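I have placed the structure first, in the form of structure tokens, so that the comments after it can refer back to it.
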Amino acid sequence: MIPVTPLSTERPSALATEISERLNAAIREHLLAAFAPDNTKSLRAFAAPEVAELLGVSGQFMRKVHAEGTVPEPSDIRGGRRYYSAQEIWNAREILERSSRTKGRYVPRRSPEEKLQVWQLMNFKGGSSKSTTTIHLAHYFALRGYRVLAVDLDPQGSLTSMCGISPEIEFDGLTIYDAIRYDDPVEMADVVQPTYFPGLSIAPSRLILSEFETESAVHSNPDQPFFTRIRNALVQVENDFDLVLVDSPPQLGFLTIAGMAAASSLLVPLTPSMLDVSSTAQFLELAGAYMGVIEDAGATLQYDHFKFLVTRDEPTDVPSQQLTSFMRALFQDRVMSATALKSTAISDATMLKQSIYEVVRSEMTRATYDRAKGSMDAVGEEVERMIQHAWGRS
């Protein structure tokens, strides 16, 4: 335990520094305990019924392919029941795809003719569940066989931490800043790191990413406009991925705008409260103005989808439901049909830097878990349909 001593009451600067040091020490201790002994996250095993659902097959089909030797037995068999690692699920997809009569049934990756999907999640009000939504979408798509790249544009690095890289514990590797900086940028491939979650890679973030805002404010070279930096970095690795999920900082600065210039679709999470709706209105007003400025400067902005996602949805809360109905009436199909429920299951998972997909169902109230997972599945399925539509598959 960290010894608790009275805080300094002298100069405000000394007090702020002392609070920061104490918080950082506590965070390090918590993370070291959570990720001990080697500071790395690991992913739970998946029971056979879950795997059959993820692959879109029956339990009988899975037993058949194991009996035939088409798919190897998982390494974890307890009491006659099969438990699969995420990598074993990924491998099974590859095997079943090779013998499938329907291309893309088990490995739904894009063809060279189908453009890379870059979805930016943005809002400049904290608490809109932007990072939570990003990690849930990342895990949803990775579990379904897509090659996913998460790009953390928030200098606070919340998404980076959720992907198993902890800036708080002396992480000094390359970050997205190194790929988009103006002086001597590195190759994006050197920045991208695989995660403990098969199918998901991360372009991590650290506090130094905030330097991009300052540098862009003073950079005046027309050959290197700030809004091309992220797009050019993604082009370098686009052949390796099907989907890029960009988590923006909670502000409308150069990073968010550069992300908008790279995106093929925009997703705006917002909670059903008048304060959030008003804040989002201001955000979009500014975003529209900035879009016009960078279009005039030569940027081409064209989005397959521009959607709102209601987060922290409470079906029994009458005022929030009235506001959600108001949003749907006002923006119609711009508001996604699926909503992300306000759930203790998701909140508890997020506290541990996890998504609901990493939680073992038996470790919490099953009805609570099922509602939370069903909600995030519905969000993922709707985004997946939009991606398939953008690829011309539906």
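Computed from a prediction, not measured in an experiment: that's the story for all the values here.
The two residues Glu97 and Gly104 have their closest heavy-atom pair at OE2-N, 2.7 Å. Between Asn239 and Arg147, the shortest heavy-atom contact is O-NH1, 3.4 Å. Residues Gln120 and Ala263 approach most closely at CB-CB, 4.0 Å, considering heavy atoms. Between Ile230 and Leu255, the shortest heavy-atom contact is CD1-O, 3.8 Å. Considering all non-hydrogen atoms of both residues, Val192 and Ser201 come closest at CG1-CB, 3.6 Å. Leu43 and Pro198 get closest at one heavy-atom pair: CD2-CD, 4.3 Å.
When each of Gln87, Glu88, Arg93, Glu94 is checked for a side chain to side chain donor-acceptor pair (under 3.5 Å) with Asn91, only Gln87 meets the rule. Tested against Tyr146, the residues Glu384, Gln117, Arg110 include a single side chain to side chain donor-acceptor pair (under 3.5 Å) partner, Glu384.
Between the side chains of Ser58 and Gln60, no donor-acceptor pair of N or O atoms lies under 3.5 Å. Using modelled atom types and a 3.5 Å distance limit, the side chains of Ser362 and Tyr369 yield no donor-acceptor pair. Of the N and O atoms on the side chains of Asp313 and Gln321, at least one donor lies less than 3.5 Å from an acceptor on the other residue.
Within the 4.5 Å cutoff, no side-chain heavy atoms of Met327 are placed close to those of Arg334. No side-chain heavy atom of Met260 sits less than 4.5 Å from a side-chain heavy atom of Phe227. Proximity of Val359 to Lys373: side-chain heavy atoms (C-beta onward) are nowhere separated by under 4.5 Å. Between Leu234 and Val151, some side-chain heavy-atom pair lies under the 4.5 Å cut-off. Residues Val51 and Met62 are in side-chain contact: their nearest non-hydrogen atoms beyond the backbone lie under 4.5 Å apart. Contact annotation: the side chain of Leu137 approaches that of Leu267 to within less than 4.5 Å [non-hydrogen atoms, C-beta and beyond]. Side-chain contact between Val383 and Tyr140 is absent, with no heavy atoms from C-beta onward closer than 4.5 Å. Taking the side chain as every heavy atom from C-beta outward, Pro155 and Glu213 never approach each other to under 4.5 Å.
Annotation: the span from Phe241 atom CZ to Leu200 atom CG amounts to 8.5 Å, rounded to 0.5 Å. Atom CD1 in Ile208 sits 13.0 Å away from atom CD1 in Ile176 (nearest 0.5 Å). Rounding to the nearest 0.5 Å gives a distance of 8.5 Å between CD1 of Ile202 and CD of Gln193. Between atom CZ of residue Phe61 and atom NE2 of residue His66 there is a gap of 10.0 Å, rounded to the nearest 0.5 Å. Taking CD of Glu295 as the reference point, atom CD of Gln302 lies at 10.5 Å (rounded to 0.5 Å). Expressed to the nearest 0.5 Å, how far CD of Gln282 lies from OG1 of Thr280 amounts to 9.0 Å.
Lys115 NZ: more than 12 foreign heavy atoms inside a 6.0 Å radius. Around the OH atom of Tyr83, the shell of radius 6.0 Å holds more than 12 heavy atoms that belong to other residues, nucleotides or ligands. Under a cut-off of 6.0 angstrom, the local environment of CD in Glu68 is crowded, with over 12 non-hydrogen atoms contributed by other residues, nucleotides or ligands. The local environment of CZ in Arg109 is crowded, with over 12 non-hydrogen atoms from other residues, nucleotides or ligands closer than 6.0 Å. Residue Tyr182 places its OH atom among more than 12 non-hydrogen atoms of other residues, nucleotides or ligands, all under 6.0 Å distant.
Within the 3.5 Å criterion, the main-chain N or O of Thr175 finds no donor-acceptor partner in the side chain of Ser205. No side-chain donor-acceptor contact under 3.5 Å links Asn123 to the backbone of Val268. Within the 3.5 Å criterion, the main-chain N or O of Ser248 finds a donor-acceptor partner in the side chain of Lys130. Between the side chain of Ser210 and the backbone N or O of Leu207 there is at least one donor-acceptor pair closer than 3.5 Å. With Thr350 contributing its side chain and Ile346 its backbone, the two residues share a donor-acceptor pair below 3.5 Å. Looking at Arg181, its side chain does come within 3.5 Å of a backbone N or O of Asp184 through a donor-acceptor pair. At least one donor-acceptor pair under 3.5 Å links the side chain of Ser216 to the backbone N or O of Phe212. Without hydrogens or angle criteria, Thr365 side chain to Ala367 main chain gives no donor-acceptor distance under 3.5 Å. Here the side chain of Lys342 pairs no donor or acceptor atom with the backbone of Pro315 at under 3.5 angstrom. Between the side chain of Arg44 and the main chain of Tyr357, a donor-acceptor pair closer than 3.5 Å is present.
Val118 and Val235 fall into different hydrophobic clusters, where Ile, Leu, Val, Met, Phe, Trp and Tyr are joined by side-chain heavy atoms under 4.5 Å apart, directly or via other members. Criterion: ILVMFWY side-chain heavy atoms under 4.5 Å apart, direct or through other members. Under it, Leu323 and Leu270 are part of a common hydrophobic cluster. Linking ILVMFWY side-chain heavy atoms closer than 4.5 Å, directly or via other members, places Trp90 and Leu143 in two distinct hydrophobic clusters. Residues Phe326 and Met274 share a single hydrophobic cluster, defined by chaining ILVMFWY side chains whose heavy atoms lie under 4.5 Å apart. Taking hydrophobic clusters as Ile, Leu, Val, Met, Phe, Trp and Tyr residues chained together by side-chain heavy-atom distances below 4.5 Å, Leu341 does not share a cluster with Val335.
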Item to check | Worked check of side chain to side chain contact (heavy atoms under 4.5 Å, CB included) between Val57 and Arg105 | outcome: CA-CA 10 Å; Val57 300; Arg105 177 177 179 183; 4.2 Å; yes
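With salt bridges taken as basic N to acidic carboxylate O contacts below 4.0 Å, one links Glu114 and Arg393.
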